[in-house]
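What follows is one structure encoded as structure tokens, with my remarks underneath.
Hydrogens, waters and symmetry mates are skipped; everything else that's a heavy atom, side chains included, is used. Remember, it's 1-based here, ligands and their atoms both numbered in the order they're listed. Remember, it's a predicted structure, so these values are computed and weren't measured experimentally.
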Amino acid sequence: MAESAKTFEELLAIIKDSEKNYNTAKISKAYELAEKKHADQKRESGEPYIVHPIAVAQILVELGMDTDTICSALLHDVVEDTDTTLEDLKKSFGEDVANLVDGVTKLNQIALHSREEQQAENIRKIFLSMSKDIRVIIIKLADRLHNMRTLCYRNEQKRRAVSLETMNIFVPLANRLGITKMKEELEDTAFSYLDPYAYNEIEQLLEKSKQEREDFIELIKSRLRKRLAMDFDPVPTIEGRVKSAYGIYKKVYEQGRLFEEIYDKYAVRVIVNTVTECYYVLGVVHDMFQPIPNRFKDYISTPKSNMYQSLHTTVMGREGIPFEVQIRTYEMHHTAEYGIAAHWKYKEGVRGKYKLDSRLNWVRQILDTQQESEDVEDIVRAIKDDLAPEDVFAMTPKGDVISLPLGSTVIDFAYAIHTQVGHRMTGAKADKKLVPLDYEIKTGEIIEIITSKDPNHGPNRAWLNICHTNEAKSKIRSWFKKERREENIVEGKDELEREFRRNLIRIPENELADFLALDMKRHSCETLDDFYASIGYGGVVLSKIMPRLKEEYSKRYLQPEGEPQFSEVPYHSNRRASSGIIVDGIDNCVVKLSQCCSPLPGDDIIGFITRGHGVSIHKKDCVNYLSQKDSSPERWVDVHWAGDNEPSNSYYKVVLDVVGYDRIGILADIMQSLQEARIMTHEASARVLKNGNSSILLTISVAGTAELQGIITRLKKVKGILSVDRSAK
Ligand code: MN
């Protein structure tokens with residue numbers, strides 16, 4: 001790359017030399033603002049600060065980036081370091097420039113200090129996913145490249161830290177985007193600071209063998225040129241090169257090779273016009289030189305995930321020195337050097353918007369059609385992982401990256417930071433705005449967790465339904481398990497009773513421990529209270545054990561035939577009713593509840609001895625009883641409900657007549673109210689009365705008059721309800 005421009009005039013000259021059609025007026029305007037804003041700032045080198053944005057802009061001109069990218073490069077530090085706002089930039093330079101500068105500023109807030117490999121990977125992913133516009137990353141890479149070039153002005157500690165970040169974060173990113181030119185310079189510079197001893201050694205070795213090496217490469221090039229001239233006019237471009245210092249270092253230090261043994265230290269590159277020509281040249285090369293087995297790679301039919309394409313082969317000439325030959329087209333060559341940046345060159349001057357994504361789709365399509373290759377799946381996965389990660393990445397205000405599965409809420413985020421942060425959480429902000437606790441985190445957001453100072457502050461039970469990760473759930477549960485035993489017992493007991501009621505399970509208090517024995521043992525609960533507490537903190541999930549409990553219940557408490565506890569006929573089955581009603585003076589007789597008045601436990605009742613159908617039970621205020629009691633007094637017998645007023649495990653149907661205003665939604669509100677009370681509704685029918693009100697007949701199941709009274713009170717509270725009466729039918 002050219003010497004860094006120090007002044008804007010030098011940058012302008014480079015811009016004019018490039019073949020691109022830059023908007024120099026806009027670029028000059030960006031420079032003027034940056035110059036003014038950074039006027040009193042200095043770099044560590046002592047130079048005016050503005051040399052940095054100029055140099056970054058130059059790197060991007062050399063990559064062939066567009067006008068807006070160049071403007072953004074000149075302005076990349078003004079929002080962070082001066083009083084300029086994004087709004088100012090938007091007004092003067094448009095939305096694109098404002099967004100690019102904003103993107104770069106946001107990336108600067110990410111803490112890069114972590115040395116863990118996993119965290120480095122997260123940071124690379126957050127870079128990719130935060131930058132909807134990939135130009136943000138390209139600017140950031142250029143920024144880093146200039147900082148690396150001027151790293152000698154920083155102190156020893158800073159040099160190491162910045163170099164390590166460069167190696168862990170920026171080199172892989174540049175590689176991922178295929179910008180080989182940048183990648184190699186970043187890598188070699190970082191390497192020179194991280195292991196100066198090895199770097200110097202390799203430099204010296206390369207220097208020592210320089211003449212010999214250049215002679216050798218020249219020899220190969222001229223032989224190739226002579227041979228290719230027979231078939232090509234003009235002769236293809238032939239270049240020679242030496243592997244980068246870091247590339248050699250890796251082979252020497254990581255693979256334990258001797259410097260002399262490195263095959264691809266020398267490389268010759270042949271650049272042609274078409275893919276067909278590539279394969280033709282390969283044939284020629286293998287004809288001229290001895291190919292080394294297993295050293296041929298076809299990255300044309302199987303491009304690397306960063307779009308790199310070439311044929312690679314290692315061959316040996318008469319001198320016995322192996323060397324690599326790379327064969328590619330001019331277009332592939334361009335992509336190999338500039339990667340994604342190469343595709344920006346086409347953006348300006350081409351009609352319509354040239355979207356990066358379509359370029360990547362194109363790569364993907366090529367890859368998808370080449371299913372036979374083993375690597376293809378890996379490559380596709382790599383692209384998808386990098387550009388559409390399934391995880392979200394958000395940051396703490398300090399810039400630490402937290403990675404969570406998609407759908408995670410701020411509660412998950414709090415628990416991911418630290419268990420205590422979760423327990424003490426009282427609220428959260430996303431990008432400085434207050435958000436509700438069920439707010440789903442998006443990649444790139446800065447999440448601030450607001451915590452209580454009270455060390456005893458704890459989570460809310462409802463959080464269990466809001467959070468997404470198992471980690472948060474188990475931490476919340478274990479808090480309740482430890483901290484809130486009394487509360488858990490009450491909560492768990494309520495929940496169990498609700499579930500039993502809903503499933504029509506009725507078990508006498510003194511038999512409950514026995515009934516639940518198996519489940520208590522399974523969850524290591526010694527007492528019923530332990531079991532309730534477990535339900536309370538969520539250790540026992542009722543919905544999971546209910547099916548088995550229901551089965552157990554019908555086995556123990558219902559008939560062996562498995563007759564349903566609640567029969568669908570409008571009165572109770574004889575057998576069940578007979579256990580609920582005692583007919584004075586008659587043992588073991590068949591009893592049924594009359595349909596005319598549907599008596600409930602708690603009602604005053606009387607029995608009528610039918611001919612051959614046992615005793616039918618009526619309410620004492622039933623019209624049938626009142627009209628007939630005198631005609632055949634000998635057939636009316638005294639009966640009463642067994643036990644107290646509420647038999648423990650029977651439900652009875654009853655019809656309610658509800659009258660209310662004829663308003664939209666009244667029926668829905670009634671049903672809602674019944675559902676909340678866990679009342680089973682069998683039938684509901686509504687009709688409009690002559691006076692314009694509506695009358696709704698509801699058939700529901702209740703355990704007795706006490707419960708019925710509760711329901712009536714409840715329904716009377718529904719908006720628009722005028723009266724609720726037990727239907728006389
Ligand atoms: Mn900068």
For Asp77, the N, O or S atom at the shortest distance from the Mn ion (ligand 1) is OD2
TODO: Would you please say whether a donor-acceptor pair under 3.5 Å links the side chains of Asn108 and Thr105?
DONE: no
Side-chain donor-acceptor pair under 3.5 Å between Arg328 and Tyr308, yes or no? yes
- After noting the C-alpha distance and the side-chain angles of Thr150 and Arg43, does the key distance pass the side chain to side chain donor-acceptor pair (under 3.5 Å) rule? CA-CA 10 Å; Thr150 52; Arg43 294 277 287 175; 3.0 Å; yes
Here the pair of heavy atoms bringing Ser452 nearest to Thr426 is CB-CG2, 3.6 Å
Of all the atoms in His146, is at least one N, O or S atom closer to the Mn ion (ligand 1) than 2.8 Å?
no
Which atom of His76 is nearest the Mn ion (ligand 1), counting N, O or S only? It is NE2
The atom of Asp143 among N, O or S that is nearest the Mn ion (ligand 1) is OD1
